[in-house]
Every structure is written in C-alpha cells, then in structure tokens.
**Student:** 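Quick one: structure below, then a few questions.
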Amino acid sequence: MAFFLETLIGGLMAGMLYSLVAIGFVLIFKASGVFNFAQGAMVLFAALAMARFSEWVPGWTGVSSPLFANSVAFVLAGIMMFVVAWLIERLVLRHLVNQEGATLLMATLGIAYLLEGIGQGIFGNDIYKIDVGMPKEPVFVLQNVFEGGILINKEDFIAALIAALLVGALTLFFQKTATGRALRAVADDHQAAQSIGIPLNRIWVIVWCVAGVTALVAGIIWGSKLGVQFSLATVAMRALPVVILGGLTSVPGAIVGGLIIGVGEKLSEVFLGPYVGGGIEIWFAYMLALVFLMFRPQGLFGEKIIDRV
Amino acid sequence: MMGERVIGDVILDLRNISLAFGGVKALTEISFDVREHEIRAIIGPNGAGKSSMLNVISGVYRPQQGEIVFHGEHFARMNSYKAAKAGIARTFQNIALFKGMSVLDNIMTGRTLMMKANLLQQAFWWGPARREELAHRAKVEEIIDFLEIQHIRKTPVGRLPYGLQKRVDLGRALAMEPRILLLDEPMAGMNVEEKQDMSRFILDVNDQMGTTIVLIEHDMGVVMDISDRVVVLDYGKKIGDGSPDAVRANPEVIQAYLGASH
Ligand SMILES: Nc1ncnc2c1ncn2[C@@H]1O[C@H](COP(=O)(O)OP(=O)(O)OP(=O)(O)O)[C@@H](O)[C@H]1O
Ligand SMILES: [Mg+2]
C-alpha cells in the first residue's frame, strides 16, 4: 500500500509538469486553431537559453553569485521566448490566417526544426546543466501511518508545486483580467471577437508568450533533473497524449489529463513494466490516449471542434 | 413613440459596392446612404445579399469594387478592427456570442477597445486596471438593466434560449457605444411578444442614445413600423429605396416579393 501510494504521488508530481506544457498547447490551439508541434522545441530552446545564459552571465558581469546568474538568465530566456512568440506571429501566423489546419500544422513542424536548429546554433549542442539549487535528497513522510513511511522526492515535489502555482496564476489571469477575457472570447469565436475590435494578432503573441513561459519553466525543471540536451524536446512532447486525452480545447482537461498520464506512466512502469518489458512509459501514454479516443473522440473535457471562420 | 429625433446628415455612404464569391454575384453596384440618428432597414428575399451588405460595411467581406465613406473617412478596404475602432458595431444573423462565457462577460468584451490598462497592470490587478474594470463594469450593468436581463447576468450564454441570446448579442454591441449599429435579423425566430420587446429596445436605443441603426428584417410589419427609410435588394441588385410607404407601393418591389412567394 505504501509503495502504491508512493508511486501514485510520484506520478501526480510528474503529471503536473505535463499539465503545464499541455496548457501552453491548448491555449495556442484555442486562440489560433494551430496544433502546435513546436511545443517540445520551445521547451528545448528555453532550457538551452537558461542553461547557457546562467553559464555566461558571471563572465559578462563579473558577479559570481549563482542566484544572480540564474535570475538574469531567467529574465533573458524569458525575453527570448517573447521574441520567438513575436517572430512566429509576424513571420508565420499572420500570413497563414484562415489556412487549412494541415497547412498550419506543417508550419509548426517547420518552426520546431527551426527552433531546434537555431537554438543549438546559438547555444551549442552539448549536454548542459541547469542548477537552480533544487534539493536532491528524498524525504520520508507519513512515517506514523505506514511502516517506513512514504518516500517523496523533494525535487519533484518542489517542481510540482511551482507548476501548480503557475497553472493557478494563469487560470486567475484568464478569469479575472480584461486580456484574459479577450483571450477567452477569441478562443470561443474568432469572427465575433474581431467584430468587437479585439486584435487577433496581439492575442496570438500573448498566447505564444504564455506557451513560451510554460515551456521555460518546464524546461528549467526537466533540464535541472535530466540535463539540457536534444532529447528534452521529446520529453516535452509527452504532453501530446495529454491534450488528446484532456481535449484540445480545455484547460481543465489539460490539467486533469496531465495528472492521469503522469500517474498512468508511473503505475504502468512499476506494475506492468516487469511483464511487458521496459520502456513502457514511452508508449503507455499514447496507448491510454488512443483507447480513450475510441470512447470520447473530443477528449475528456473537449468540445466538438468548431470550424474556423 | 418616437421622441424629438432629428435626422442628421449622411453618416455612412456606400458607393457602387460590388461583391462576388466566385461566380456568385452577391452584390452588384449597390449605392445608398444612411443618415445620422435614423433607422434604415434593408429588406429583400432570401439570398438577396442583405447580410453580405452588412458584412461589407463591418469589414468581414472585402468588396471587389466600391467605397465606404463613414464619418467623412474613406475606406476602400474596411476590416473588422478598423470598423470597430471607427464606431461600427454589429450583431450576427446566426448569433455569434461567446458561448462558454457568462452574459456579463460577453457584454464586458464589448468594452475591450476602451480598455487602456496594460498587460502588467492587469496581471497584478493594479490600481489603474482595477479602477478601469470597475468603471466599465458599471456601464455594462446599465446596459444589462436597460435590456432587462439582470436575472441571467451570470448564466453562460450557451444555456440561454434563443430570444435571450439575441438580446445579449445586442447588449454586447451596445457596450461598444457605437455610432452606428448594424443588426442582422434581430427578431428572426422570435414569438410576437419577444419581437415587441426587441422593437422597443431598438427604438429606445435609437431614441435615447441617438445611435444610428441599420437593420435587416423579414417581418414587414416591424419594418414598416420602426424604420425611417428602406433599401430593397433582390439578387444582389438594389430595386427600391425610400420611405416605407413609397417602397411598399413600388411595383418592382411587389413583383420581387410575389415572385419569391413570401
Ligand atoms: N461566404 C460566402 N461564400 C460564398 N457565397 C456566399 C457567402 N456569403 C454569401 N454568399 C452568397 O451570396 C448571396 C447573398 O447571400 P446573403 O447571405 O447576403 O443573403 P441574405 O439576403 O442575407 O439572405 P437571408 O435572408 O437568407 O439571410 C447568396 O447567394 C449566398 O449564397
Ligand atoms: Mg442574411
């Protein structure tokens, strides 16, 4: 029982990060109808920026404090994600308005390759590390309930907490501010939103920025755990089955979907892994999503996909 | 019923507008004008090009030919943003509300162009952003009172019956405080009582707020009752233009309506 709980909690914590990346994905889909294949590349790009800037800043400024280096690197990486969002709107989206979904999808594939290429061109293609001082040692909790207690990885716990806080902050932003309202309006009906003067271009830059910030935070967390390398883009694409499961158009769906996939991966790895061989966590999420699709094609919370005007 | 309305100068002038979709000529060389404070109706059989006309004015469709003059400003190519900025608000024939959002939020979106607080101020719910939100909220509550929809303020519009959705659609357009309001069949699918309510709201908007109104409507009784002047379209051509009585007596108009068996 304690072991099961331990796995479950581990899964929930890992899932929170998937939720975060999935939210960026859903926002872009809702606001611009684009199925963004570049989300993984954005995570890689952001993590590369963070890792390298934190390495370079002490040299540039002569200040050797890691806190200072990390803070400046975070701001710089954030600015880069903003520039990326702005360029994508300017150079790509603006010219592809009202194109077929397939065209837009291909465009994001192109953006993904470009980002990976440019990112490695600017920042290098080695393995880099991000050290934001995440505690590595595990702790035991609930020792009075279970014998030996439950092992919790502190790093995962803090990561999940940060992800949850960011998700909460974003939700508040969308519910409580004028821009959030405009964004929900665009997501609901492009044409009506335009008719009341909401500038679509601005909204697109904002959602790509938000997706950029989620990518940055996820990139830092995964990067500090796994190291920053090319495979980070693949890790981030595990959020793909999450949005299929949760529904492409639903933010709550992205959150719940992320948690389900996180838990599913961990449980299957631990309890099914020994029977079907290793590597199950790589395909399990997709299988779960596919099975799910058969019963609810629009996903857990998704609405039927409405044609763009 | 009407107050001391004084019809003013031409506020909107449509000159020689032609619009085609592939081979379909939706509008052929249409010209007419709209005067300040008046209620101008556009009528015609199904497929006559009425909605297309409205879509041209509000920048949804780009005509191949022609010019729009609004408040002295010439627009060869209007777009939705420019139109909204210039003070043109509209409702849609097939209601285009934000279905997942509450009535209040839907109407609040109409204030978007008037919001000045920047993203940062909004994100931190800073003084200017908060004050602005409250001021607009007060205005929106006035509109809600005016349209008598207080009881559904918090309801997601997707759950409302058709007639009320039409009313919210009008509310969102009113929230923009437009100079001119384009209404595409605001009473379609309504029962007699709902139609009376809607006619009253339209007249009150025109009368109390002085808003100029362009209205597409199939119900002849309503059109004859509330409009000052009427444009008649048929197969994308203008076949009549004038006072309700003049239009009703126009043989070409009678022919079009009899021919289309309405
Ligand atoms: N987006 C479009 N693409 C292709 N054809 C269109 C489009 N919009 C309108 N049309 C065509 O233009 C013509 C005029 O249509 P429009 O909707 O303006 O008529 P209407 O007078 O509003 O009719 P109704 O009373 O049925 O609303 C029709 O033949 C219609 O099929
Ligand atoms: Mg129509």
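Throughout, protein chains are lettered first and strands after them, A, B, ... in sequence-line order, and every chain is numbered starting at 1.
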**Student:** Measuring from R202(A):CZ to L119(B):CG, what's the distance to the nearest 0.5 Å?
**Tutor:**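 One gets 6.5 Å once the value is rounded to the nearest 0.5 Å.
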
**Student:** Give the member of R172(B), R111(B), R130(B), H136(B) that has the highest number of heavy-atom pairs under 4.5 Å with chain A.
**Tutor:** R172(B)

**Student:** With a 4.5 angstrom heavy-atom cut-off, could you sort out which part of A123(B) is near chain A: side chain, backbone, both or neither?
**Tutor:**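 Contact with chain A involves both backbone and side-chain atoms of A123(B).
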
**Student:** Looking at chain A, which one of K99(B), E132(B), K82(B), R90(B) has the largest number of heavy-atom pairs inside 4.5 Å, strictly under?
**Tutor:**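 Heavy-atom pairs under 4.5 Å are most numerous for K99(B).
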
**Student:** Quick one: what part of M101(B) sits under 4.5 Å from any heavy atom of chain A, side chain, backbone, both or neither?
**Tutor:** both

**Student:** Counting neighbours of CE on M209(B) that are heavy atoms of other residues, nucleotides or ligands and sit closer than 6.0 Å, is the number greater than 12?
**Tutor:**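 Counting other residues, nucleotides and ligands, CE of M209(B) exceeds 12 neighbours.
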
**Student:** Does the D188(A) side chain pair with the main chain of G100(B), one donor and one acceptor, at a distance under 3.5 Å?
**Tutor:**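 Yes, because the side chain of D188(A) sits within donor-acceptor range (under 3.5 Å) of the backbone of G100(B).
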
**Student:** Using the side-chain contact (heavy atoms from CB on, under 4.5 Å) rule, take F98(B) and I196(A) through it: C-alpha gap first, then chi angles, then the decisive distance, then the call.
**Tutor:** CA-CA 12 Å; F98(B) 309 122; I196(A) 52 175; 3.9 Å; yes

**Student:** What are the two closest non-hydrogen atoms of A192(A) and A96(B), and how far apart are they?
**Tutor:** CB-O, 3.0 Å

**Student:** Checking heavy atoms, do the side chain of T112(B), its backbone, both or neither come under 4.5 Å from chain A?
**Tutor:** side chain

**Student:** Test side-chain contact (heavy atoms from CB on, under 4.5 Å) on D189(A) and L97(B) and set out the steps.
**Tutor:** CA-CA 7 Å; D189(A) 191 324; L97(B) 286 165; over 6 Å; no

**Student:** Counting N and O atoms only, with roles assigned by atom type, does the side chain of E133(B) sit under 3.5 Å from a partner on the main chain of T177(A), one being a donor and the other an acceptor?
**Tutor:**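 Not at all, since once roles are kept as given, no pair shorter than 3.5 Å links the two residues.
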
**Student:** Measuring from atom CD1 of I198(A) to atom OH of Y81(B), what distance do you get when rounded to the nearest 0.5 angstrom?
**Tutor:**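 One finds 11.0 Å between CD1 of I198(A) and OH of Y81(B).
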
**Student:** Is K85(B) close to chain A through its backbone or its side chain, or both, or neither, when contacts mean heavy atoms under 4.5 Å?
**Tutor:**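 No part of it gets close to chain A.
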
**Student:** Just verifying a value: how many Å separate S102(B) OG and R181(A) CZ, rounded to the nearest 0.5 Å?
**Tutor:**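 Result: 9.0 Å between the selected atoms.
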
**Student:** Just so I understand: if I count every heavy-atom pair under 4.5 Å between each of D169(B), D105(B), N106(B) and chain A, which residue has the most?
**Tutor:** D105(B)

**Student:** Above 12 or not: heavy atoms from other molecules or residues under 6.0 Å from CZ of F53(A)?
**Tutor:** yes

**Student:** Counting only non-hydrogen atoms closer than 4.5 Å, does I206(A) touch chain B with its backbone (N, CA, C, O), its side chain (CB onward), both, or neither?
**Tutor:**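 Interface part for I206(A): side chain.
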
**Student:** Rounded to the nearest 0.5 Å, how far does OG of S195(A) lie from CG of N79(B)?
**Tutor:** 12.0 Å

**Student:** Sort out for me which of A169(A), A178(A), A187(A) touches chain B most, counting heavy-atom pairs under 4.5 Å.
**Tutor:** A178(A)

